[in-house]
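These notes are about the structure you will find just below.
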Amino acid sequence: MFKLIKKGGMQKLFAFSALILIYLFFAFTGKNFTSSATTLNILASSYYVGFLALGATFVIISGGIDLSLGALMMASALIGGELYRDAGFPLWLCMVIMVLFATFVGLLNGLMVTKLKLPPFIATLGTMMGCLGFGSIITGTSSKYFPTILEPDGWFIRTFFKSANGVPLGAFYLLAFFIITFIILNKTKIGRYIFAIGNNEEAVRLSGIKVDLWKTLAYVISGLSVGIGSIFYAATYIVVIPNTGNGIELQAIAAVVIGGTSLAGGIGSLTGTMIGVFIMSVLKNGLISINLPAPYQVFFTGLVVIGAVLIDVYRNKRASKVKLK
Amino acid sequence: MSNLLLTMKDIEKSFPGVHALKKCTFSLEKGEIHALVGENGAGKSTIMNILTGSIPYDSGDIFLEDKKAHFKSPKQAQEAGISMVHQELNLMDNLTVAQNIFIGRESDNIFLNDTSINKKTKELFEQLNFHIDPEEIVGNLSVSLQQIIEIAKAISHDAKIIVFDEPSATLTEKEINQLFKIMKELKKTGVSMIYISHRMNEIKRISDRVTIMRDGEYIGTLSSEKAKIEQIIQMMVGRVIYEERKKVSTVIEGQKPILCVKNFSSKDVNNVSFDLYKGEILGFAGLIGAGRTELARLIFGADKKTSGELFIHGKKVNINSPFHAVKQGIGYLSEDRKRYGLVLGMSVSNNIVLPKLTDYISGIFINESKIKEVTKEYIEKINIKTPSEKRLVKSLSGGNQQKVIIAKWLLKNCDILIFDEPTRGIDVGAKSEVYKLMNNLAKTGKSIIMISSELPELIRMSDRVLVMCEGTHTATLKLDDINQTTIMEYATQQ
């Protein structure tokens, strides 16, 4: 753990100590907060936001933003449900199509940003609204149901949500996905180029690198993560309702920012993003354990986001003051 | 005779880990133009930032007209009559000239009064004997005119002292002449000026006295008229530097050109053709706006050309993007290295291997140890001063940043290198090193195109000089014909 803090710098240290502090706070004040049931809940409620946030970290480090995350996840889950219930596709095929669809939309986002030169905010705002509408259109605005634990395809829940004896398997998939994305971002040239582009896109282009390709890839990774996230969302909630899912992208972006990734691009870490995801998850379950209803979670998440970014801004300011010669 | 306007005595300043100023002294007389020189890191900017209240100092005294002064903010300094024209322009592109000059002082009541500030701006320019429309949008003006607006802004504060931080770095010869004219006008009205510059001949031309600093210490003050340039440089660096002018071209006669540019045209370039030979340094001369950088960017594929053909080693090649250019062995060192050359937030090693990263992959993973090895080799080879290859590029000095970019293209093994203003904003010592490096590259068979607005530098380095004027190629001068007068003649031909 110490090595992790050393490598990631101050912001991650702040985020990590905030996570510990918040956890300790609820451990002392909350009812049954340290019980295994709550711990499982903390892990369980971080699944799908976790996938979205990990993917979004790539886009944000590249200097872009992806607002389509939430709506795309819902659209992808609705398509899966439609194909499963109404077209009678086998569940495994539905899952593959869900992932492919989201990846394809990610590719569209990337191409709009790189080839059509649209600002990422506008391009992904467009796909966000498109996805919201598309999900409603193909389902005829009716809710879609994934198999419950009692149906023949009950393995879906037992594999992607909780095992028969209550082990939150989703958390393990998230951990595995974190490790894979961590390697891609830190050990391969995809990651190195994405960092460089976020820092200074023009300098990278003038170094003879195909900037458009790597930038598009960041959006594709984001789309792929959304596709995988949609499977876990479906397994967690079973019922997918059209025209919902607004604001999930903001939760994911909040987690990324809490973890110290700069919205200006070029700086960021996936470890930080995971810490951000868990801070939000601990907050959610902690507030329930002290008997505060759901709206409080949103409220306090807001405070944490502002606090996290404030610390970052002041730290950077002090750092640049020292350098002024 | 107490003609003294400003005295700074025994100024001490430390940053964490750096003793930036050691008992530094500076004095300024009324109506004087006082040059301040020193290598980067000598403390010129620090002492000027202290004077203008931008940063606090540890100890020492500042006297303004015999009264003790201590400015806690740039605003306080401005109110006392001290203004600074920064090297980087601080103008708002979408506002008019007048709105920029009177920003923060628009009117005395809550309503804006553009008529009044336009009138005041007009008077200001008349006083400077300069004609710029107060209602023009600043973004439409050239960089040099914008610089003049910065100066007008400083004057409009009723400044008694104006500090110029390397204003000439972005100006051409002609514009520098205009700037000097303005400075002389101001001097007549009793304004004192401090002029920071790296260019020795300018200092001789414009200043009355020159103060030299080195490593945070005051070295001495000389009369600009009497001082010899060699003497000033020696005081600055504490050692003798000299790079001789080329007498005989090292390019082998009768060989085929390595690069052949035919009929290149675009919005800013008009039908330019030229050849480049192995081991040659080809200078590109011209005023700002002559289209030299634009031509270089066309060759490199950074911008789209409307027509033209390119031959490398006699073979026709299509270059539509920097990706293709780099593949063909062309490297481009931009005039604005922070914007176009470096990934400032990344380490020295990451910057050096950037174009060649694909060669340092084992399987799917980046091979960090191999990268470390090769960057260390290049850091040593071209003498980049950095504590480690992991240091962020933004914390290096200008000269060392430039060397990082050179290392980048050398590692990529480019045969054709385009140096666009390679010594802009770097100090005398580092300049001399860059020259040496370029000469060595040429000797080992690399071909170099060198764009420069500093004529002495072009004359000293080039085997041939290509002169451009307003997008057109006006002359190619052979080694024996290269001199200041001829170049300027062709550069202003149209």
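Throughout, a chain's letter reflects where its sequence line sits, starting with A, and its residues are numbered from 1.
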Atom pair CD1 (Ile194(B)) and NZ (Lys44(B)), whose distance is rounded to the nearest 0.5 Å: 13.5 Å
Using 4.0 Å as the upper bound for N to carboxylate O, is an ion pair formed by [Y] and [X]?
X         : Y         : result
Arg424(B) : Glu335(B) : yes
Lys356(B) : Asp359(B) : yes
Glu201(A) : Lys215(A) : yes

Ranking Glu202(A), Arg192(A), Lys189(A) by heavy-atom pairs under 4.5 Å to chain B gives rank one to Arg192(A)
Of the listed Asn186(A), Asn199(A), Ile190(A), the one with the largest count of heavy-atom pairs under 4.5 Å with chain B is Asn199(A)
Turns out that what part of Ile197(A) lies under 4.5 Å from chain B's heavy atoms comes down to neither
Please state whether the side chain, the backbone, both or neither of Tyr193(A) comes within less than 4.5 Å of a heavy atom of chain B. side chain
Thr375(B) side chain near Val348(B) side chain, heavy-atom distance below 4.5 Å: no
Is any side-chain heavy atom of Ile418(B) less than 4.5 Å from a side-chain heavy atom of Ile330(B)? yes
Distance-only side-chain donor-acceptor flag, Thr46(B) / Asn49(B), under 3.5 Å: no
Pick one of side chain, backbone, both or neither for [X], based on which atoms fall under 4.5 Å of a heavy atom in chain A.
X         : result
Ile361(B) : side chain
Tyr340(B) : both
Val326(B) : side chain
Arg297(B) : side chain
Asp336(B) : neither
Ala325(B) : neither
Thr358(B) : both

Against chain A, work out which of Tyr332(B), Tyr360(B), Phe300(B) has the most heavy-atom pairs shorter than 4.5 Å and name it. Phe300(B)
Residue selection (most heavy-atom pairs with chain A, distance under 4.5 Å) from Gly301(B), Ser334(B), Ala302(B): Ala302(B)
Checking Lys13(B) against Tyr57(B): charged group under 6.0 Å from the ring centre and within 45 degrees of the axis? no
For the residue pair Phe51(A) and Phe232(A), does the interplanar ring angle fall in the parallel (under 30°), tilted (30 to 60°) or perpendicular (over 60°) class? parallel
